[in-house]
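Okay, so here's the structure we're looking at.
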Amino acid sequence: MEEIITHFLFYSEGPVLPSGFGLGTVEAPKGHLGVSVASSGGNKLNRIRVRSSIQTMASQITALVQGVSLGDFVVIVSGSNIVVGEIDR
């Protein structure tokens, strides 16, 4: 009976996480995907952040297109291969 209760608690509340901060990266088709996790030692995470390479590229577009013509602007933005669904995170 105790094993059933332990099993239920583990899957309903989750495991107890060590306190601290962790970073990790995974290589994705369009660049590296970064993940940062912070925990205070409970069974819930305090903060988790996922950052894709598209967000970094989109933040640099303004520096790339300053002073260019409209035709060059279209080529620069379309060549950047920005996925709009990843920007709104």
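A quick note: this is a predicted structure, and the numbers were derived from the prediction, not measured. Because only heavy atoms are used, hydrogens play no part in the values below, and waters and symmetry mates are left out as well, while side chains stay in.
The environment of Y11 atom OH is sparse: at most 12 non-hydrogen atoms of other residues, nucleotides or ligands sit within 6.0 angstrom.
Across H32 and E27, no two heavy atoms sit closer than the pair ND1-CA, 3.9 Å. Considering all non-hydrogen atoms of both residues, N46 and S40 come closest at ND2-CB, 3.3 Å. Closest approach of F73 to V68, counting heavy atoms only: N-CG2, 4.0 Å. The nearest pair of heavy atoms linking L23 to S36 is CD2-CB, 3.3 Å. Closest approach of S39 and G42 over heavy atoms only: OG-N, 4.3 Å.
Under the 4.5 Å side-chain contact rule for hydrophobic residues, L64 and V75 do not share a cluster. Each of L45 and F10 belongs to its own hydrophobic cluster when Ile, Leu, Val, Met, Phe, Trp and Tyr are linked at side-chain heavy-atom distances under 4.5 angstrom.
In terms of the side-chain contact (heavy atoms from CB on, under 4.5 Å) criterion, residue partners of F8 (sequence neighbours excluded) are, by chain and number, S12.
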